[in-house]
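Down below is the structure, laid out as structure tokens.
Each ligand, and each atom within it, is numbered from 1 in the order the structure gives.
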Amino acid sequence: MLRSTPAVLAVTIFHVASAAKESCCDALTASRVAGQVTYPGHGAYNASLASYFDGKSRLPPSCIVQPRTAEDVSTIVQILVREDAQSGSCKFAVRSGGHTPIPGSNNIENGITIDLLYMNTTTYDADSQIASIKPAARWGSVYQTLEPLGRMVAGGRGSTVGVGGFLLGGGISHYAPRVGLSCDNVVNFQVVLANGSIVNANKTSNADLFTALKGASSNFGIVTRYDMETFESEDLWGGIVTYPASTANHHFRALANFGSNPDRDPNAALIVFQGYSTASPTDVVRAAFDYTKPVVRPDAYQEFFEVNTNISDTTKLQPMSAIAAEFGSDTTKRVQFRTLSYKIDLATLQETARLYKIVITELQAEASGQWRVSCLHQVWATSYTANSIARGGNVLGMERYTENFIMYQSYLSWSESKDDELFIGLGKMLTDGIQKFAREKDTAIDYLYLNYADKDQDPLSGYGAGKVAFMKAVAEKVGKPQKDDPLSVFDDTNNLSENKTEDMDFTVLNLEKPDA
Ligand SMILES: Cc1cc2nc3c(=O)[nH]c(=O)nc-3n(C[C@H](O)[C@H](O)[C@H](O)COP(=O)(O)OP(=O)(O)OC[C@H]3O[C@@H](n4cnc5c(N)ncnc54)[C@H](O)[C@@H]3O)c2cc1C
Ligand SMILES: *[C@@H]1O[C@H](CO)[C@@H](O)[C@H](O)[C@H]1NC(C)=O
Ligand SMILES: *[C@@H]1O[C@H](CO)[C@@H](O)[C@H](O)[C@H]1NC(C)=O
Ligand SMILES: *[C@@H]1O[C@H](CO)[C@@H](O)[C@H](O)[C@H]1NC(C)=O
Ligand SMILES: *[C@@H]1O[C@H](CO)[C@@H](O)[C@H](O)[C@H]1NC(C)=O
Ligand SMILES: *[C@@H]1O[C@H](CO)[C@@H](O)[C@H](O)[C@H]1NC(C)=O
Ligand SMILES: *[C@@H]1O[C@H](CO)[C@@H](O)[C@H](O)[C@H]1NC(C)=O
Ligand SMILES: *[C@@H]1O[C@H](CO)[C@@H](O)[C@H](O)[C@H]1NC(C)=O
């Protein structure tokens, strides 16, 4: 029953049977959280579905439960575990901001979605300088709360993105070069475990769980509060500059020099990306410059500034909340993210551009409606490692890398469901093509960033065998409803070891009876 395939960790705490029985929703409706349960046809149910970032992720669960407190979450978990033991199957999914564009990752068909919607406040304690943030807060609201207090956290770059999933997958903020990954800025997680207990996980209490939560997403429990380190809030100099596509090579060279500079200014964040949109159908290259001190046109970006033919430029001194609003996105389209990593290498960057062009040409011929393609290059810095180790470590396996590399994200969005296959297929072709080139040129890096990974990608295995063993040990420890429960924590129900695409919902918490 137990099978040790790394990817399996990505799927289950609890093993699962097939379809959720209505009795699971009935049990919730018969409990003290009855008023928090909403069914198909209801306004709250519709609103929950409509608020998923990705249009194709709006799966219809049997019911949605919207807890207000950690105690509510505990009650819900206990009811579902008990009901599962009695009736055979109460499969559930957890949702915070709902921004991961993988159907089944943050919701579920024939099951229960625990939608943390109402758990969205941010509070600040001046003595400890810690911000306590509830999982379904959106980063824009976090910044709006902290800025008037003169404080800031290393959170998401887009205002609409949720806190919950972002922090469990790592989290790259504009402040990352300065303070490391966002997950490493968490000093304490409040977590509801499989047995319903509400625990703290921090450097001194449940230290192994604390480390595992930083990168392994939802495989250990439901996080009900994130306590984060803060720092002084200052205006940033930042925005997005758009250039003609003909300047791509200059930008790639500048990116390579910027990314491999050992003395890089830790205040300088950067994303270089190519983009095409039917809304303004010109092929362009963009740079998002975000300097985390109030310095106009800082020297750190000097080589980029050599290009003086920009098409538009939104850079200015502005607070983080304003920068995040510019990065915010609506929830109207169908979306695919994919990722891979490669060494800082000009030829590999150029190959990404060649394949990107092929994809655009193909889409111009085949796609309908409104659509957009962006291909983003970010520097993954070795400095993240030191920041992490000093604060209790994470599970990303970053210490294996002694040189900065490029983390790539393809981001496709489109309006027509009939084009799902076209976009999903071309997006995969793009990353497969880059991967093939990088492997041949020996510039491939095995790392996959979980928050940008697609369904068929396997980010947890990419953290390395040692981390997988560690995550399994932690899940074995905290993932059972009862101490001597025979429940299999890792099982082969989902056949992930065979890379079965349809089963890669790496974030659904599954409940099961041992022999179901
Ligand atoms: C427009 C946009 C911009 C983005 N920008 C960035 C960026 O700047 N940097 C970056 O690193 N990433 C970025 N991302 C990726 C983002 O980090 C992930 O999509 C992240 O999962 C979003 O968090 P969420 O709470 O909205 O996720 P959800 O979709 O709600 O959840 C994601 C996963 O985490 C699990 N989960 C959520 N909350 C909890 C919880 N409380 N306890 C246990 N499990 C939980 C869910 O079950 C789900 O599997 C961006 C994504 C989008 C769509
Ligand atoms: C919810 O959506 C369904 C399906 O679109 C619709 O029939 C129903 O009237 C909606 N309910 C409310 C309260 O808006
Ligand atoms: C929290 O969510 C509720 C319900 O959607 C919303 O009315 C409220 O404005 C949100 N609060 C914050 C701080 O975002
Ligand atoms: C760590 O958890 C313990 C036990 O719950 C708690 O007393 C302590 O305050 C926590 N530390 C932090 C930094 O939150
Ligand atoms: C973009 O072009 C404008 C107009 O020429 C110029 O003022 C601005 O400095 C340029 N931006 C950058 C980042 O070079
Ligand atoms: C719940 O599980 C945790 C982790 O295994 C354990 O420490 C705790 O004692 C359990 N609580 C109860 C009430 O059994
Ligand atoms: C997993 O694979 C095995 C062998 O191919 C198959 O018999 C089994 O039904 C599969 N299980 C699921 C849940 O798909
Ligand atoms: C997933 O597929 C890839 C490529 O086919 C393969 O190399 C890898 O070993 C597979 N992963 C697992 C866990 O089977």
Side-chain donor/acceptor of Y175 to backbone N/O of M152, under 3.5 Å: no

Contact (N/O only, under 3.5 Å) between R297 and ligand 5: yes

Pair R32 + D72: basic N to acidic O under 4.0 Å: yes

Numbered atoms of ligand 6 (with element) below 4.0 Å of N195, judged on heavy atoms: 1 (C), 2 (O), 3 (C), 8 (C), 10 (C), 11 (N), 12 (C), 14 (O)

Atoms of ligand 6, numbered as shown, that sit under 4.0 Å from any heavy atom of S197: 1 (C)

4.0 Å protein heavy-atom contact status of atom 4 (C) of ligand 5, strictly under: no

Heavy-atom pair of closest approach, residues V395 and K467: O-CG, 3.5 Å

Nearest-neighbour protein heavy atom for atom 11 (N) of ligand 2, which is reported as residue plus atom name and distance: G41 O, 2.7 Å

Test: K477 and D208 ion pair at under 4.0 Å: yes

For atom 6 (C) of ligand 2, closest protein heavy-atom neighbour: N46 ND2, 4.1 Å

Test: K357 and D283 ion pair at under 4.0 Å: yes

Considering all heavy atoms, the nearest C183-K214 contact: O-CD, 3.2 Å

W237 side chain vs D290 backbone, donor-acceptor pair below 3.5 Å: no

Among A47, P60, G43, A50, closest by any non-hydrogen atom to atom 13 (C) of ligand 2: G43

Is_contact(atom 9 (O) of ligand 6), protein non-hydrogen, under 4.0 Å: no

Check: Y143 side chain, S159 main-chain N or O, donor-acceptor pair, under 3.5 Å: no

T315 heavy atom under 4.0 Å from ligand 5: no

Numbering as shown, the atoms of ligand 5 that approach D313 to under 4.0 Å (heavy-atom distance): 1 (C), 8 (C), 10 (C), 11 (N), 12 (C), 13 (C)

Heavy-atom nearest neighbour in the protein, as seen from atom 2 (O) of ligand 5, with distance rounded to 0.1 Å: N310 ND2, 2.3 Å

